[in-house]
Enquirer: 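First the structure, which I've put down as structure tokens, then a few questions once you've had a look.
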Amino acid sequence: MLYLRGEQSFILEIPLLSRLAPQGFIDPGFFVFHQDLVVRGVADILEDLDGVGPLIFEDRLYRFMARYQTGLLGRMPPELAAPYTYPSVLVTEDCRSMFITFSRGQHVDREDIFNHFRNKWGDCIVRVLIAKTTGGAAPMYGRIIFKREAFVSLVLNGEQLVHINIGDCQIWLRRYYPRMRNI
């Protein structure tokens with residue numbers, strides 16, 4: 001996944017692509033050039049909680065399958081033979097949120113933020129909250145609440161803090177952590 005969101009180009013061949021096509025017919029650079037389309041497709045698969053998305057990316061099952069296929073396990077593990085049911089888990093808005101900050105004097109409208117992510121990954125945002133200000137001052141921060149926690153990880157791509165450009169303005173994004181309130 002890091003290759004999909006990174007700025008780097010592919011240096012190594014992708015084993016699966018190498019097996020699917022004769023040498024030279026699929027250039028990994030294609031995926032670099034179309035990385036936003038590829039990431040949007042992966043995000044759509046991850047978002048489908050009732051479908052095959054979570055099963056495809058279930059690392060624990062992959063480890064069982066690899067051990068079974070290499071003969072390290074004598075018989076098929078019950079985890080692989082069992083019908084797949086996805087446990088329904090309610091993820092709070094805080095876990096699906098990102099804190100955004102604007103550069104001084106470079107406020108980005110709520111609708112522009114919606115459109116940026118909608119164009120990139122489809123219908124992925126629940127709402128965008130922008131800080132209220134007084135005296136005509138431009139807001140300096142806000143919060144994006146995504147439909148799925150996976151989108152936060154896609155935006156961060158393994159980093160703690162990222163910046164993106166929306167129009168001519170730059171915004172900084174990090175995982176949202178609610179303030180501890182004194183009770």
Side-chain angles (χ1 to χ4, degrees), residues 1-10 14-17 20-21 26-62 84-103 106-132 139-178:
M1 185 62 100
L2 292 177
Y3 280 111
L4 296 178
R5 294 302 308 143
E7 298 295 324
Q8 71 275 19
S9 60
F10 286 92
I14 302 170
L16 178 61
L17 289 179
L20 292 176
I26 296 180
D27 178 12
F30 171 85
F31 295 101
V32 173
F33 185 77
H34 296 287
Q35 67 182 348
D36 285 337
L37 182 62
V38 173
V39 168
R40 184 174 180 175
V42 170
D44 286 345
I45 291 170
L46 283 172
E47 187 176 275
D48 183 15
L49 291 181
D50 295 330
V52 73
L55 180 61
I56 291 173
F57 296 101
E58 177 61 58
D59 291 336
R60 187 178 59 82
L61 292 177
Y62 272 122
Y84 182 75
T85 57
Y86 186 77
S88 180
V89 177
L90 180 63
V91 178
T92 65
E93 282 190 351
D94 290 347
C95 294
R96 296 180 279 123
S97 296
M98 297 195 79
F99 183 75
I100 56 176
T101 55
F102 307 109
S103 297
Q106 291 192 354
H107 166 69
V108 180
D109 290 330
R110 175 185 336 251
E111 195 60 34
D112 292 337
I113 295 170
F114 258 110
N115 289 335
H116 173 81
F117 286 102
R118 191 177 296 131
N119 291 338
K120 201 171 199 81
W121 294 320
D123 187 22
C124 62
I125 293 180
V126 174
R127 67 180 163 274
V128 176
L129 306 169
I130 304 292
K132 295 187 187 314
M140 296 295 295
Y141 62 93
R143 178 176 166 188
I144 301 173
I145 303 168
F146 289 97
K147 289 187 174 185
R148 305 276 184 259
E149 188 176 11
F151 289 109
V152 174
S153 298
L154 283 171
V155 172
L156 290 174
N157 191 33
E159 301 292 329
Q160 295 290 317
L161 179 71
V162 296
H163 74 275
I164 61 171
N165 292 319
I166 298 178
D168 294 332
C169 300
Q170 186 177 71
I171 64 173
W172 292 86
L173 301 105
R174 67 169 173 79
R175 188 173 295 277
Y176 175 78
Y177 297 106

Enquirer: Hey, could you give me the NZ/CG distance between Lys120 and Leu154, rounded to the nearest 0.5 Å?
Expert: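 Reported to 0.5 Å precision, the distance equals 10.5 Å.
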Enquirer: I need the minimum non-hydrogen distance between Ala131 and Pro139, along with the two atoms involved.
Expert: O-CB, 3.5 Å
Enquirer: Taking the side chain from Gln106 and the backbone from Cys169, do they hold a donor-acceptor pair closer than 3.5 Å?
Expert: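 No, because the side chain of Gln106 does not come within donor-acceptor range (under 3.5 Å) of the backbone of Cys169.
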Enquirer: Phe146 vs Phe151 aromatic rings, parallel, tilted or perpendicular, using cut-offs 30° and 60°?
Expert: parallel
Enquirer: Exactly one of Arg148, Arg127, Lys147 should register a salt bridge (charged side-chain N to carboxylate O under 4.0 Å, His left out) with Glu93. Which one does?
Expert: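 Of the listed residues Arg148, Arg127, Lys147, the salt bridge (charged side-chain N to carboxylate O under 4.0 Å, His left out) partner of Glu93 is Arg127.
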Enquirer: Search all heavy atoms of Leu156 against all heavy atoms of Leu161 and return the closest pair with its distance.
Expert: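 The pair with the smallest heavy-atom distance is CD2-N, 4.5 Å.
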Enquirer: Are Asn157 and Val162 packed together at the side-chain level, in the sense that at least one heavy-atom pair is separated by less than 4.5 angstrom?
Expert: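 They are not in side-chain contact.
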Enquirer: How many angstroms lie between CD1 in Ile144 and CD1 in Ile171, if you round to the nearest 0.5 Å?
Expert: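 Going from CD1 on Ile144 over to CD1 on Ile171, the span is 5.0 Å.
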Enquirer: Ignoring hydrogens, what is the shortest heavy-atom contact between Ile125 and Phe117? Give both atom names and the distance.
Expert: CD1-CB, 3.6 Å
Enquirer: Search all heavy atoms of Ser97 against all heavy atoms of Ile145 and return the closest pair with its distance.
Expert: OG-CG1, 3.4 Å
Enquirer: Looking at side-chain heavy atoms only, is the closest gap between Val126 and Arg96 below 4.5 Å?
Expert: yes
Enquirer: If I compare all heavy atoms of Glu149 with all of Arg175, which pair ends up nearest, and what's the gap?
Expert: OE2-NH1, 4.2 Å
Enquirer: For the CD1 atom of Ile164 and the CD1 atom of Ile113, what is their distance to the nearest 0.5 Å?
Expert: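 Spacing of CD1 (Ile164) from CD1 (Ile113) equals 8.0 Å.
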Enquirer: Which of parallel (below 30°), tilted (30 to 60°) and perpendicular (above 60°) describes Phe102 and His107?
Expert: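 Perpendicular.
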Enquirer: Give, for atom CG of Asp123 and atom CZ of Arg118, the distance between the pair rounded to the nearest 0.5 Å.
Expert: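 Those atoms lie 6.5 Å apart.
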Enquirer: Closest approach of Arg143 and Ile100, non-hydrogen atoms and distance?
Expert: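 For Arg143 versus Ile100, the nearest heavy atoms are N-CG1, 3.7 Å.
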Enquirer: Please round to the nearest 0.5 Å and tell me the distance separating atom CG of Asp94 and atom CZ of Phe99.
Expert: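 So the gap between those two atoms works out to 13.0 Å.
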Enquirer: I need the Leu173 CG to Glu159 CD distance, nearest 0.5 Å.
Expert: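 Rounded to the nearest 0.5 Å, the CG-CD separation comes to 12.5 Å.
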